[in-house]
Amino acid sequence: QVQLVESGGGLVQAGGSLRLSCTASGRTASDYDMGWFRQAPGKEREFVCAITSNGVKRYYSNTAKDRFAIARDNVKSTVYLQMNSLKPEDTAVYYCAAVRELVQAWGPYDYWGQGTQVTVSS
């Protein structure tokens with residue numbers, strides 16, 4: 001089992017930045033590929049980005065590739081999502097997820113966090 005806890009969400013003005021964190025515990029978290037997803041009210045959950053266990057490969061959705069960056073610190077068992085130039089349409093609950101080995105960047109994933117709310121005001 002891997003437990004995931006997200007943090008760092010909040011309210012930010014359009015154009016601002018936020019850095020989300022996802023801390024993993026349980027089995028050797030550094031062995032897991034990790035992803036970020038988001039779900040806006042009334043919409044389906046969507047893939048944002050992913051990173052392999054060694055941090056070498058990173059994958060981004062078209063929405064995220066120019067403004068967001070994923071990174072990880074395996075010593076701290078933490079994955080980060082740096083979000084810049086935020087827009088109101090980025091408002092969503094952001095979830096991190098883990099899988100032993102990615103089949104595709106967007107899933108499937110075996111473990112999920114509870115999510116952290118990001119609200120971008122115009």
Side-chain angles (χ1 to χ4, degrees):
Q1 288 284 344
V2 175
Q3 293 79 40
L4 304 172
V5 179
E6 302 96 335
S7 61
L11 175 64
V12 63
Q13 289 188 335
S17 298
L18 276 177
R19 188 179 77 159
L20 306 183
S21 299
C22 172
T23 300
S25 60
R27 291 187 175 180
T28 308
S30 60
D31 290 343
Y32 285 75
D33 296 340
M34 303 287 290
W36 284 97
F37 291 76
R38 68 184 186 184
Q39 187 167 21
K43 295 187 176 181
E44 293 186 354
R45 186 173 62 197
E46 66 171 337
F47 168 75
V48 177
C49 56
I51 188 169
T52 53
S53 58
N54 59 8
V56 171
K57 295 184 179 179
R58 308 178 190 198
Y59 307 91
Y60 294 93
S61 67
N62 288 333
T63 302
K65 62 182 180 179
D66 294 327
R67 299 181 295 122
F68 295 0
I70 189 170
R72 67 189 297 159
D73 182 338
N74 284 341
V75 173
K76 297 181 178 179
S77 297
T78 299
V79 175
Y80 303 98
L81 177 61
Q82 177 68 42
M83 303 186 294
N84 301 319
S85 302
L86 283 163
K87 305 174 181 179
E89 51 263 44
D90 294 318
T91 294
V93 178
Y94 283 71
Y95 300 90
C96 68
V99 64
R100 187 64 181 81
E101 185 172 355
L102 283 172
V103 175
Q104 299 173 117
W106 53 89
Y109 288 80
D110 294 325
Y111 304 100
W112 293 84
Q114 293 300 307
T116 185
Q117 176 71 48
V118 171
T119 302
V120 184
S121 64
S122 57

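Every value quoted in this text rests on a predicted model; they were computed, and no experiment measured them.
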Do Asn84 and Ser17 get their side chains close enough for a donor-acceptor pair, meaning under 3.5 Å?
-> yes
Between the side chains of Thr78 and Ser21, is a donor N or O closer than 3.5 angstrom to an acceptor N or O?
-> no
Exceeds 12 heavy-atom contacts within 6.0 angstrom, atom CD of Gln117 | yes
Under 3.5 Å: donor-acceptor pair, side chain of Gln104, backbone of Pro108 = no
Value rounded to 0.5 Å, distance of OH in Tyr95 from CG in Leu4 | 13.0 Å
Scanning both residues in full, the closest heavy-atom pair of Pro88 with Ala14 reads CD-CB, 4.1 Å
Any donor-acceptor pair under 3.5 Å from Arg19 side chain to Gly9 backbone = no
Non-neighbouring partners of Arg67 that pass salt bridge (Lys or Arg N to Asp or Glu O under 4.0 Å), sequence neighbours left out | Asp90
When the ring centroid of Phe37 is compared with that of Tyr109, is the distance short of 6.0 Å?
-> yes
For Cys49, the option from Phe68, Tyr59, Trp36 that meets side chain to side chain contact (heavy atoms under 4.5 Å, CB included) | Trp36
Say whether, by atom type as modelled, one donor and one acceptor occur between the side chain of Tyr111 and the main chain of Ala24 under 3.5 angstrom.
-> no
Worked check of side chain to side chain contact (heavy atoms under 4.5 Å, CB included) between Leu11 and Ser121 = CA-CA 7 Å; Leu11 175 64; Ser121 64; 4.3 Å; yes
Calculate, to the nearest 0.5 Å, the distance between atoms CG and CD belonging to Asp110 and Gln1 respectively.
-> 9.5 Å
Apply salt bridge (Lys or Arg N to Asp or Glu O under 4.0 Å) to Asp33 and list each qualifying residue two or more places apart in sequence or on a separate chain.
-> none
So, does Glu6 use its side chain to make a donor-acceptor pair with the main chain of Cys96 at under 3.5 Å?
-> yes
Given side chain to side chain contact (heavy atoms under 4.5 Å, CB included), test Val99 with Glu101 step by step and report yes or no.
-> CA-CA 5 Å; Val99 64; Glu101 185 172 355; 6.0 Å; no
Are Val79 and Trp112 in one and the same hydrophobic cluster, where Ile, Leu, Val, Met, Phe, Trp and Tyr link if side-chain heavy atoms are under 4.5 Å apart?
-> no
Distance under 6.0 Å and angle within 45° of the ring axis: does Arg45 meet both against Trp106?
-> no
Between Tyr60 and Asp66, is a side chain to side chain contact (heavy atoms under 4.5 Å, CB included) present by the stated rule, with each step listed?
-> CA-CA 9 Å; Tyr60 294 93; Asp66 294 327; over 6 Å; no
Is there a chain of hydrophobic side chains (I, L, V, M, F, W, Y, each step under 4.5 Å between heavy atoms) that links Leu102 to Tyr80?
-> no
If you measure from CD on Gln114 to CD on Gln3, what distance do you get to the nearest 0.5 Å?
-> 11.0 Å
Ignoring hydrogens and geometry, is there a side-chain-to-backbone donor-acceptor pair from Arg72 to Asn54 under 3.5 Å?
-> no
Residue from Val120, Val48, Val12, Val118 passing side chain to side chain contact (heavy atoms under 4.5 Å, CB included) with Met83 = Val118
Can any side-chain N or O of Asn74 pair as donor or acceptor with the backbone N or O of Ser53 at less than 3.5 Å?
-> yes
Ala50 to Ala105 - nearest heavy-atom pair and separation = CB-O, 3.8 Å
Cut-off 3.5 Å, side chains only: do Tyr94 and Arg38 have a donor facing an acceptor?
-> yes
Going hydrophobic residue to hydrophobic residue with side-chain gaps under 4.5 angstrom, can you get from Leu81 over to Val2?
-> yes
Distance from Ile51 atom CD1 to Met34 atom CE, nearest 0.5 Å?
-> 9.5 Å
